[in-house]
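Here is the structure we will look at.
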Amino acid sequence: MSTAQLFFEGKTIDLPIIIGTENEKAIDISNLRDQTGLVTLDLGYKNTGATKSAVTFLDGELGILRYRGYPIEQLAEKSNFMEVAYLLIYGDLPNKAQYAAFTDEIKLHTLVNEDIKKILDGFPATAHPMGILSSLVCSLTAFYPESVENPTDSNINLNIFRLLAKMPTFVGWAYKKSLGHPVNYPRNSYDYCQNFLHMMFALPVEDFHPDPVVVDALNKLLILHADHEQNCSASTVRMVGSSKASLYSSISAGINALWGPLHGGANQEVIEMLDEIRILGIKPVDYLEKVKKKEVRLMGFGHRVYKNFDPRARIIKKACDQVLSQLGVKDPILDIAKELEEAALTDDYFISRKLYPNVDFYSGIIYRALGIPTNMFTVMFALGRLPGWIAQWKELNASKEPIGRPRQIYTGLGSRDYVPISNR
Ligand code: CMC
């Protein structure tokens, strides 16, 4: 085994090098503190591998993304969301019988306890759907207490089916709540994506038929969002799960992490940014000047890991043109987005910082064309990311990894004596 050497206070410490299956290399510092009293400091974990994982591989320099070894380009073109969910969670593509058993099992759990509707009723109509979603997912711990008290393998599997099954209902209900419309109940004659569209758009006053173009586009978008290795929300799910918190509470925490504008919240911010540019009639190059002065960030650009291109963004950009033309939608913000991208990609500010469009830059434009409102975009990301979070949680839960508990460098005051309030 090769090692790296650290010289510190006259001592030499050998640190083993760990090599992944794609030849990524890491210095194993698990005994560093015992040997030297040192901890490492790596703000934002820019250089820190938090775990070993067999779920997703990505190479930010080469723009590679693979789920369980399968390239994202092939999955987005040939697979469907349920098949990809199975792949991520169980490690391999299902055969016909496994696929049928998986999708049938999910259909057994699509109904949601009616009391959860009362929780939904307690939210104001203006509540952000991400807040509703994380609350409803967390509430499942109360309806299925064995998820907390008796997390056997078979119970965990049952909870995985339940969560996959109920998520479209929660998302649809959060949307209906914001409209003040009656909620829908799941239709098990539909597949996963058809049912989701029914939950979102069916009305009691007329028939609803999911449009196959929309169903296809939705499958693609959900596949592209399904996992992304140790990002902020997946790391949150794993961190919470490492305390042996239940699947539901860990994933509820992941939903909250995803909500932030620097993570999944970016897709909503991109559309708001493009709309502002359109409404105020700002020229894309002038907007970029504001970005370069750091008055605003160009939302949907830049990525912690991708420093060349984001393969998901390439697929989504192509899909965006296709879907809009298939649906006969002309959206002026698509032209603005393309102009912004073109100008940014030839501008030294973006080139030198390796800033490229990420998955969120064009996804919102497709969501808009599918009739999904802006405040639901991040929820769509969560719906897609669910299998990835489940796979990350399941892997962590089956491992012998200890509870996540980082160290710190304390920068506060030294010891001082308590002063009674009358003397302060
Ligand atoms: N617009 C303008 N400047 C940017 C941007 C941007 N979108 N992103 C990074 N920079 C600049 C940043 O100001 C810094 O410049 P300087 O060196 O002069 O200080 C440099 O590039 C490095 O930025 P950073 O913030 O240190 O990079 P990071 O790896 O910590 O951040 C990021 C990654 C995604 C948070 C960031 O690029 C960003 O804020 N992008 C906009 C939000 C966004 O689109 N998020 C979605 C990410 S993809 C979906 C997901 O995984 O959730």
Side-chain angles (χ1 to χ4, degrees), residues 42-48 50 55-56 58-61 63-65 67 72 130 221-238 253-274 276-277 282 284-317 337 340-367 374 377-386 388-389 392:
D42 183 22
L43 301 183
Y45 308 112
K46 289 193 176 190
N47 307 280
T48 297
V55 181
T56 289
L58 82 81
D59 182 322
E61 269 68 40
I64 293 173
L65 173 61
Y67 299 159
I72 190 65
M130 285 298 273
L221 283 166
L222 297 180
I223 290 171
L224 291 171
H225 286 89
D227 195 46
H228 213 231
E229 53 116 296
Q230 308 312 315
N231 54 81
C232 177
S233 57
S235 303
T236 301
V237 169
R238 290 184 85 116
I255 293 170
N256 287 320
L258 186 73
W259 192 354
L262 298 188
H263 192 8
N267 57 12
Q268 175 172 341
E269 304 253 340
V270 170
I271 293 294
E272 286 166 0
M273 172 186 81
L274 295 173
E276 185 191 312
I277 294 175
I282 306 172
V285 280
D286 292 342
Y287 193 81
L288 291 187
E289 287 308 311
K290 277 162 62 129
V291 173
K292 284 152 64 176
K293 284 187 208 143
K294 297 197 191 283
E295 289 168 21
V296 285
R297 277 207 165 192
L298 184 58
M299 299 312 284
F301 254 69
H303 198 275
R304 170 61 61 78
V305 183
Y306 293 121
K307 297 298 174 196
N308 208 338
F309 68 94
D310 178 341
R312 303 168 301 172
R314 283 197 171 170
I315 300 169
I316 290 191
K317 184 179 177 187
L340 268 177
E341 180 190 351
E342 220 176 284
L345 293 184
T346 49
D347 188 304
D348 191 53
Y349 175 96
F350 298 91
I351 296 169
S352 61
R353 290 172 178 76
K354 300 184 180 223
L355 300 172
Y356 298 88
N358 60 49
V359 68
D360 290 324
F361 196 64
Y362 286 102
S363 64
I365 300 175
I366 306 190
Y367 286 138
T374 316
F377 289 179
T378 315
V379 176
M380 297 304 299
F381 195 151
L383 182 69
R385 187 52 58 87
L386 181 63
W389 288 330
Q392 299 284 345

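Numbering of ligands and ligand atoms starts at 1, following listing order. Excluded from the calculations below are hydrogen atoms, water molecules and symmetry mates; all remaining heavy atoms, backbone and side chain alike, are included.
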[atom] [closest protein heavy-atom partner, distance rounded to 0.1 Å]:
atom: atom 45 (N) of ligand 1; answer: Leu262 O, 3.1 Å
atom: atom 40 (N) of ligand 1; answer: Phe301 O, 2.9 Å
atom: atom 34 (C) of ligand 1; answer: Gly302 O, 3.7 Å
atom: atom 38 (C) of ligand 1; answer: Arg297 NH1, 3.2 Å

Using a 4.0 Å cut-off to any heavy atom of [X], which atoms of ligand 1 qualify?
X: Gly264; result: 52 (O)
X: Asp360; result: 46 (C), 48 (S), 49 (C)
X: Ala266; result: 43 (C), 44 (O), 45 (N), 46 (C)

Closest to [atom] among [options] (heavy-atom distance):
atom: atom 52 (O) of ligand 1; options: His303, His263, Met299; result: His263
atom: atom 3 (N) of ligand 1; options: Tyr349, Tyr356, Phe350; result: Tyr349
atom: atom 27 (O) of ligand 1; options: Met273, Lys46, Arg353, Lys294; result: Lys46
atom: atom 33 (C) of ligand 1; options: Lys354, Glu269, Arg304, Arg385; result: Arg304

- Side chain, backbone, both or neither: which part of Leu355 comes within less than 4.0 Å of ligand 1 when only heavy atoms are counted? side chain

With no hydrogens and no angle check, is any side-chain donor or acceptor of [X] less than 3.5 Å from a backbone partner on [Y]?
X: Asn256; Y: Ala253; result: no
X: Asp42; Y: Thr48; result: yes
X: Tyr67; Y: Ile223; result: yes
X: Asn308; Y: Glu61; result: yes
X: His225; Y: Leu221; result: yes
X: Asn231; Y: Glu229; result: yes

Report yes if some N/O of [X] lies less than 3.5 Å from some N/O of ligand 1; otherwise report no.
X: Asn358; value: yes
X: Gly300; value: yes
X: Leu298; value: yes
X: Val359; value: no
X: Phe381; value: no
X: Arg312; value: no

- Item | Side chains of Lys293 and Tyr349, donor plus acceptor under 3.5 Å |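 On atom types as modelled, these side chains do not qualify, holding no pair under 3.5 Å.
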
- Side-chain donor-acceptor pair present, Thr378, Trp259, cut-off under 3.5 Å: no

Less than 3.5 Å apart, which donor and acceptor atoms pair up between the side chains of residues 297-304 and the rest of the protein, not counting sequence neighbours?
residue: His303; atom: ND1; partner: Val305; partner atom: N; Å: 2.9
residue: His303; atom: ND1; partner: Tyr306; partner atom: N; Å: 3.2
residue: Arg304; atom: NH1; partner: Gly44; partner atom: O; Å: 2.9

- Task: List in chain and number order the residues that pass side-chain hydrogen bond (donor to acceptor under 3.5 Å, both in side chains) with Asp310, two or more places apart in sequence or in another chain; answer none if no residue qualifies.
- Result: Arg312

- Quick one: pull up CD in Glu341 and OH in Tyr356 and give me the separation to the nearest 0.5 Å.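 If we round to the nearest 0.5 Å, Glu341:CD and Tyr356:OH are 11.0 Å apart.
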
- Query: Does the protein put a heavy atom under 4.0 Å from atom 12 (C) of ligand 1?
  - Reply: yes

- Would Val291 count as a contact of ligand 1 if the rule is a heavy atom under 4.0 Å away?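 Contact check Val291 vs ligand 1: positive.
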
- Does ligand 1 have any atom that is closer than 4.0 Å to a heavy atom of Lys292?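 No; Lys292 lies far enough from ligand 1 that no heavy-atom distance drops under 4.0 Å.
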
- Message: Taking the ring of Phe377 and the ring of Tyr367, is the distance between their centroids below 6.0 Å?
- Response: yes

- May I ask you to check whether over 12 heavy atoms, not counting those of Glu342, lie within 6.0 Å of atom CD? no

